[in-house]
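Each remark here refers to the structure printed beneath this line.
In what follows, every chain begins at residue 1, and chains take the letters A, B, ... in the order their sequences are listed. These numbers come from the heavy atoms of this one structure, side chains and all, not from hydrogens, waters or symmetry mates.
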Amino acid sequence: MTEPATTTSKDFIREIIDEDLASGKHSGTVTRFPPEPNGYLHLGHAKSICLNFGIAQEYGGRCHLRFDDTNPTKEEVEYVESIKTDIRWLGFDWGEHLYFASDYFEQLYDWAVSLIREGKAYVDDQTADEIRKTRGDLQTPGTASPFRERPVEENLDLFARMRAGEFGDGEKVLRAKIDMAHPNLNLRDPVLYRILHAEHHRTGDAWCLYPMYDYTHGQSDALEHITHSLCTLEFENHRPLYDWFLENLPVPSRPRQIEFSRLNLTYTVMSKRKLLQLVNEKYVSGWDDPRMPTLSGVRRRGYPPEALRNFCKTIGITKFESTNDFALLEAAVREVLNRTAPRYMAVLDPIKVVLTNYPADQVEEMEAMNNPEDPAAGSRLVPFSRELYIDREDFMEVPPPKYFRLSPGTEVRLRSGYFIRCHEVVKDAAGEIIELHCTYDPETRSGSNPPDGRKVKATIHWVSAAHAIDAEVRLYDRLFAAEFPDRGEGSFLDHLNPDSLKVLSNAKLERNLAAIAVGETVQFERLGYFCADPDGTPDRPVFNRTVGLKDAWAKAKGQS
RNA sequence: AACUCCGUGGUGUAACGGUAGCACAAGAGAUUUUGGUUCUCUUUGUCAAGGUUCGAAUCCUUGCGGGGUUGCCA
């Protein structure tokens, strides 16, 4: 477990918790992660999960998983299951504390009735449109509904009949009676309940009356004795309403809502609506497309959960709206994978190499380190023979300056193999290079250096042609070409990166890669980290590029 | 000219009245059987102006800039 150096300082939320503990306001800490089951979890949620579950771990408290399922028209069980899977994958556990806002419907209803009794809520017959128009706007106060002063008894009767199903969708709502002139629009008699004749994923058809988020969230927190209710900045303006309910209802505890800034990443969109659109309109293969910033997407891409946790630690928690560099996430991924991913050789775009002085029927088993960063990872055997494949990028007939790899007359080292020198380039009728004739130096076998002390400038990877596994490799790049796809005119879709996926169908893999389980991430030496995809079959695996290695040569090329 | 939150290198984040630090990114070099890793070094910052103070990123005032809010979504 490597801890980033920044763990010594605490974010403002943990400081508040420290104070609350020190002052005796609370004797323990209870947080909650409250997703709405209407979509898949994404990197933004990861930030919130790491915060809430992380605090629970650090303070010896607990973190509840609570599904905020107050809108049956948008929510589905499919999402509930995927959310649980993703949280567990990230490395967190809610134990016994799985809750649903829908579990509190009866209690919330009773409290609504008590609000009505106290003259703090009323049934409004206005249409949605009328309510909107009379709410006023940012600069002008709203006007009272003609039903605002309805007698308590009438409200009670109407509300009961709303529950009983006597009215159609949208015919009536229950509103809090607060202040139609309040500068915070959320307090201009917010809607508490709306009629929705819809099947709920848990309560079925028991209800046709559903509570709004604002009326549900704080009370749910209070019922669960949440001490610190952490949410994103856009709920800041809702806090006065959150508190209003807690003050006006006989709730069993007084949670405190604290807001922090959501996660933004360059070259990425993070809104559920936009992600849904990418899926529905087939710009990606699904919620778990490896280019998606969903947790299921980055999992399929091969990101280790530890990298996500470290990333969340590094970006910290603040109230300032910021956008994190995607490179920071990739750095976190590389940091973990460099330590943990076993190394293999794979050739993505093969050229055949014939070692003219190597015996035709000979096969040597070469020992190769599994991970130079971790001697305990041991070694494996890789077959070496007369005919090999190397990557097209590792040979140039007319090399530019500073090109260290193979070219006619030059010598390179084959990783865990021998030195080879190129003597002849074989081309087809079209002038395309199809084969290289090389010689190997028997005195340079891996582990021993040439007696004459000569050096080579490069070491390249290879696979034995006769032993190679055919595979498909999917090279993923960022989904969007623009740093801020949301900015500027037009749709974010205008900024989709046309090269975000490149499929290589003729890759040749080292024999040992046949044993890699789906979901495992390995390093293809010199190329990057790759994750075995479920689309693969035993005789034809599919690998997704998780992230490339840093590439000083590519960078130098790009600049010249 | 509503309310509210927020402004620290290119990006993100520390410093709680006392040397502006760290990570990523960028650049230079060393090491290297991965042009990877690792190591060393370097560039770049407190939104502005006043004030309080021996001393201000930090406290005060004003200005400037950015975000959020006008769902019967969450």
P atoms of B:rU38 and B:rC24, separation to the nearest Å | 9 Å
Give a yes/no answer on whether the side chain of A:Arg135 brings an N or O atom under 4.0 Å of OP1 or OP2 in B:rC72.
-> yes
May I ask you to evaluate whether A:Lys555 reaches the phosphate of B:rG27, defined as a side-chain N or O under 4.0 Å from OP1 or OP2?
-> yes
Look at A:Arg188 and B:rU70 and indicate whether a side-chain polar atom (N or O) is within less than 4.0 Å of OP1 or OP2.
-> no
Rounded to whole Å, the CD1-C1' distance (A:Ile317 to B:rA14) equals 15 Å
N or O in side chain of A:Ser322 less than 4.0 angstrom from B:rU13 OP1/OP2 | yes
Does any donor-acceptor pair link the side chain of A:Thr318 with the base of B:rU13 at a separation under 3.5 Å?
-> no
With rounding to whole Å, what would you report as the distance between B:rG51 and B:rA56 at their C1' atoms?
-> 11 Å
Would you state whether a donor and an acceptor, one from the side chain of A:His182 and one from the base of B:rA2, lie under 3.5 Å apart?
-> no
Whole-Å distance, A:Glu321 CD to B:rU4 C1', equals 14 Å
Flag this pair as yes if the NZ/CZ of A:Arg202 is under 6.0 angstrom from the six-membered ring centre of A:Phe100 and inside a 45 degree cone about the axis; otherwise no.
-> yes
Establish, yes or no, whether a centroid distance under 6.0 Å links the rings of A:Phe530 and A:Phe543.
-> no
Residue-phosphate contact under 4.0 Å: A:Thr70 side-chain N/O, B:rA74 OP1/OP2 = yes
Honestly, is A:Arg163 close enough over A:Tyr193, meaning NZ or CZ under 6.0 Å from the six-membered ring centre and within 45° of the axis?
-> no
Taking CD1 from A:Ile460 and C1' from B:rU33, how many angstroms apart are they, rounded to a whole number?
-> 12 Å
Determine, for A:Tyr267 and A:Arg478, whether the Lys NZ or Arg CZ falls below 6.0 Å from the six-membered ring centre while staying within 45 degrees of the axis.
-> yes
Euclidean distance for P, B:rA57 against B:rU46 (whole angstrom) = 10 Å
State which of B:rG35, B:rG7, B:rC73 makes the closest approach to the side chain of A:Asp551.
-> B:rG35
Please measure how far the P atom in B:rG67 lies from the corresponding atom in B:rU31, and state the result in whole Å.
-> 50 Å
A:Asp214 atom CG is separated from B:rA74 atom C1', nearest whole Å, by 9 Å
Say you pick atom P in B:rG10 and the same atom in B:rA26; how far apart are they, in whole Å?
-> 15 Å
Respond yes when some side-chain nitrogen or oxygen of A:Arg194 is under 4.0 Å from OP1 or OP2 of B:rA74, and no when none is.
-> yes
OP1 or OP2 of B:rG71 sitting under 4.0 Å from any side-chain N/O of A:Arg132?
-> yes
Any donor-acceptor pair under 3.5 Å joining the side chain of A:Glu373 to the base of B:rG36?
-> yes
Do A:Trp553 and A:Phe404 make the cut of ring centroids closer than 6.0 angstrom?
-> no
Span that lies between the P atom of B:rU44 and that of B:rG9, in whole angstrom = 14 Å
Quantified in whole Å, what is the P atom distance between nucleotide B:rG7 and nucleotide B:rA15?
-> 12 Å
In whole Å, what separates the P atom of B:rU40 from that of B:rC59?
-> 35 Å
Is A:Lys550 near enough to B:rU37 that one of its side-chain N or O atoms lies under 4.0 angstrom from OP1 or OP2?
-> yes
Got a salt bridge between A:Lys319 and A:Asp11, using NZ or NE/NH1/NH2 to carboxylate O under 4.0 Å?
-> no
Please give, in whole Å, the distance from B:rG36 C1' to A:Leu527 CG?
-> 11 Å
Ignoring hydrogens and angles, does a donor from either the side chain of A:Asn237 or the base of B:rG68 sit under 3.5 Å from an acceptor on the other?
-> yes
When the distance from CG of A:Asp137 to P of B:rC3 is rounded to whole Å, what number comes out?
-> 14 Å
